[in-house]
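Atom set for the values below is all heavy atoms of this structure, side chains included, hydrogens, waters and symmetry mates excluded.
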Amino acid sequence: MPKLSQVTPRGPLDVVKSWLLGFLAGDGAIDYRPGTICRVTAHIGGRELLDEVVSAFERCYEGANPRSRCDEPGGKGSLRQQDYNYVRCDQKMLVEDLLSFAPFGLRRWHVPVAVQQGSEEIRGAWLRGFFDADGDAIYDPEQHVRCVEAHSVNRTALRQVVKLLQGVGVQNTWHARPPREGCPSIVYTVRVSYHEDLERFAKVVSFASESKRRVLEQALASLERRPVRKSFVEAQTARILRLRREGKTFDAIGRVVDLQKSSVQAVCKRHGVEPEVGAKGSGRTNRRSGERAALFPRIMNFRAEGLSGAEIAKRVGLAHRREVDDVVKYYRRKGMDPKPSTR
C-alpha cells in the first residue's frame, strides 16, 4: 500500500467538486478497505478529459496526488482493442470525503443529497460530469436523430437523474432495454430529444468534453435551419384543447390522441379548458352542440330500425360508434326525447 499523504478539502461543495462527483458516478469506482486499501479510480474512455479529471482532483483537494495512465490499444502485453485511460488516487482522506457525499460503483451510485438540494449551478455541474462520463450526444441527419442520452443498469439512480434534469428545466424520456446476448442486465436509458429541451440542456448542463459538445452544437444548428414549427407536445396539446372545446368527452379525446383519460384531463385542467359537454362556451362549441342536437333524432330512428352502432356512425357521418353512444347518453341525461325525423 502506498504511503498516504495528508489531504484536506479546499472548501464546501462547489461546481468543480459537483462535476467530479457526477463523473465518478458515471465512470468511477472506489475501493475502500481501511488499513488495507483506499483508492478512487476514474475510468476515462478517451484522452480529452484526462487532464480535466486530474485538475478537478487537485482543485478540490489540497495535497491531492492523482496519477494518470494511458494504455493504447494493442500495446505490449495488452489485449485491449480501445484506449484505456484512468486517473487514480490512493489517499484515505480524499476517498473518505468523496464517500461522505455518496457511494460509487456500477449498481451502488446515486445522486448525492447535497447535489439534489443544491443550486441550479450545482445540479447542472453534476449532470455535466455524469453525461461527460456515461452520456453521449447523437446527431444523425440521415436518420433525423438529434438527442442526448445516458445509460445505466442502476434503475433507482437513473430515475434520480431524470428528476434532476426536470428540476433544471430539461424534460426527457425514459425507457428500459431488456437483457440480450452480451448484456445480461436490463439497461435503462434517459434521453433528451425535443428542440427546446436540447437548447435548455446546452445552456444549463452541456459537456466538458469538446467532442460531445461539438456534436450537440451541430444538432442544434441543424434544428435552427429547419422551418419553424410547433413541437409535437404543443401540437398534441392544441389538438386536445380543440377537441374538448368541440364537446368531445375525455374518453373520446383519449382514443383520438392515444392517451389515457387522466392525461387528457390534466392537459385540459392545466390550460383552464374543462367545460362539460354542451356547456356554454365558444361559438364553435355551440355549433357543435347544434350539430349533435340534429343528429340525435336520426340516430334514435336508426336504432329503432335495429342498425348497429358502427352502421349508424357511417350514416350520420361520425368517426366511431362510441361517438354515437356519446350523443345518445348526453341527450338522455338532459331528459330530451327525439323529435320525428325525416331522412
Engineer: Taking the six-membered ring for Trp, are Phe207 and Phe131 parallel (under 30°), tilted (30 to 60°) or perpendicular (over 60°)?
Structural biologist: perpendicular
Engineer: Using every non-hydrogen atom in the two residues, find where Asp27 and Ala133 come nearest and quote the distance to one decimal.
Structural biologist: OD2-O, 2.9 Å
Engineer: Run the side-chain contact (heavy atoms from CB on, under 4.5 Å) test on Asp136 and Lys212 for me, step by step, so that the C-alpha distance in whole Å, both residues' side-chain angles and the decisive distance to 0.1 Å come before the verdict.
Structural biologist: CA-CA 6 Å; Asp136 206 359; Lys212 294 179 181 180; 4.1 Å; yes
Engineer: What heavy-atom pair brings Val87 and Pro66 nearest, and what distance separates the two atoms?
Structural biologist: CG1-CB, 3.8 Å
Engineer: Less than 4.5 Å apart, side chain to side chain, heavy atoms only: is that true for Leu98 and Tyr61?
Structural biologist: yes
Engineer: Output the distance between atom CZ (Arg245) and atom SG (Cys268), rounded to the nearest 0.5 Å.
Structural biologist: 8.5 Å
Engineer: Yes or no on side-chain contact (heavy atoms from CB on, under 4.5 Å) for Leu13 and Phe101, after CA distance, side-chain angles and deciding distance?
Structural biologist: CA-CA 9 Å; Leu13 181 65; Phe101 288 96; 4.1 Å; yes
Engineer: Roughly how far, to the nearest 0.5 Å, is OG1 of Thr156 from CH2 of Trp109?
Structural biologist: 10.0 Å
Engineer: Do you know which two heavy atoms are closest between Ile122 and Val115, and how far apart they sit?
Structural biologist: CG2-CA, 4.2 Å
Engineer: Any donor and acceptor pair, going by atom type alone, linking the side chain of Ser55 with main-chain N or O of Glu52 inside 3.5 Å?
Structural biologist: no
Engineer: Give the C-alpha distance, both sets of side-chain angles, the deciding distance and a yes or no for side-chain contact (heavy atoms from CB on, under 4.5 Å) between His195 and Leu220.
Structural biologist: CA-CA 7 Å; His195 187 180; Leu220 288 172; 4.2 Å; yes
Engineer: Within a radius of less than 6.0 Å around CZ of Arg303, do more than 12 heavy atoms belonging to other residues, nucleotides or ligands occur?
Structural biologist: yes
Engineer: Quick check: do Leu49 and Phe23 have side-chain heavy atoms less than 4.5 Å from each other?
Structural biologist: yes
Engineer: Start with the C-alpha distance between Glu196 and Arg200, add both sets of side-chain angles, then the distance that settles salt bridge (Lys or Arg N to Asp or Glu O under 4.0 Å), and finish with yes or no.
Structural biologist: CA-CA 6 Å; Glu196 297 84 352; Arg200 180 65 179 170; over 6 Å; no
Engineer: So do the side chains of Ile186 and Pro179 get within less than 4.5 Å of each other, counting heavy atoms only?
Structural biologist: yes
Engineer: Which residue is it: Ile138, Asp197, Thr173? I am looking for the one with a side chain to side chain contact (heavy atoms under 4.5 Å, CB included) to Arg191.
Structural biologist: Thr173
Engineer: Between OG1 of Thr41 and OH of Tyr86, what distance do you get to the nearest 0.5 Å?
Structural biologist: 7.5 Å
Engineer: Using the rule that two of Ile, Leu, Val, Met, Phe, Trp, Tyr join whenever any of their side-chain heavy atoms come within less than 4.5 Å, decide whether Val168 and Phe130 are in one cluster.
Structural biologist: yes
Engineer: With side chain to side chain contact (heavy atoms under 4.5 Å, CB included) as the test, pick out the partner of Ile312 among Asn301, Val324, Val328.
Structural biologist: Val324
Engineer: Does Glu121 have more than 12 heavy atoms from other residues, nucleotides or ligands lying within 6.0 Å of its CD?
Structural biologist: no
Engineer: Are any of the side-chain nitrogens in Arg214 or Glu210 under 4.0 Å away from the carboxylate oxygens of its partner?
Structural biologist: yes
Engineer: Any side-chain heavy atom of Phe201 within less than 4.5 Å of one from Asn172?
Structural biologist: no
Engineer: Trp126 versus Val161: any side-chain heavy-atom pair under 4.5 Å?
Structural biologist: yes
Engineer: Less than 4.0 Å between a side-chain N and a carboxylate O, is that true for Lys203 and Glu120?
Structural biologist: no
Engineer: Looking only at non-hydrogen atoms, find the nearest pair between Pro103 and His110 and report the distance.
Structural biologist: CD-NE2, 3.1 Å
Engineer: Could you walk me through whether Arg123 and Val204 pass side-chain contact (heavy atoms from CB on, under 4.5 Å), step by step?
Structural biologist: CA-CA 9 Å; Arg123 287 175 285 162; Val204 181; over 6 Å; no
Engineer: Provide the closest heavy-atom pair for Leu216 versus Ala202 in the form atom of the first, atom of the second, distance.
Structural biologist: CD2-CB, 3.8 Å
Engineer: Report whether Trp174 and Val145 are members of the same hydrophobic cluster (ILVMFWY, side-chain heavy atoms less than 4.5 Å apart, transitive linking).
Structural biologist: no
Engineer: Do Leu99 and Met93 belong together in a cluster built from hydrophobic side chains that touch within less than 4.5 Å?
Structural biologist: yes
Engineer: If every non-hydrogen atom of Ser206 is compared with every non-hydrogen atom of Arg213, which pair is closest and at what distance?
Structural biologist: OG-CD, 3.7 Å
Engineer: About how many Å separate CD of Glu323 and NZ of Lys248, when rounded to the nearest 0.5 Å?
Structural biologist: 3.0 Å
Engineer: Report yes or no: do Val190 and Leu106 belong to one cluster of Ile/Leu/Val/Met/Phe/Trp/Tyr joined by side chain heavy-atom distances under 4.5 Å?
Structural biologist: no
Engineer: Within a strict 4.5 Å, meaning less than it, do heavy atoms of the Arg322 and Asp251 side chains meet?
Structural biologist: no
Engineer: Got Phe57 and Leu94 here, is their nearest side-chain heavy-atom distance under 4.5 Å?
Structural biologist: yes
Engineer: State the OH-CD distance between Tyr194 and Glu234, to the nearest 0.5 angstrom.
Structural biologist: 10.5 Å
Engineer: How about Val53 and Trp19: do any of their side-chain heavy atoms sit closer than 4.5 Å?
Structural biologist: yes
Engineer: Look up atom OG in Ser18 and atom CG in Leu21, then write down how far apart they are to the nearest 0.5 Å.
Structural biologist: 6.0 Å
Engineer: Would you please name every residue forming a side-chain contact (heavy atoms from CB on, under 4.5 Å) with Val256, sequence neighbours left out?
Structural biologist: Arg239, Leu243
Engineer: Around atom CZ of Arg108, are there more than 12 heavy atoms from other residues, nucleotides or ligands closer than 6.0 Å?
Structural biologist: no
Engineer: Can you get from Val16 to Leu24 by hopping between Ile, Leu, Val, Met, Phe, Trp and Tyr side chains that sit under 4.5 Å apart?
Structural biologist: no
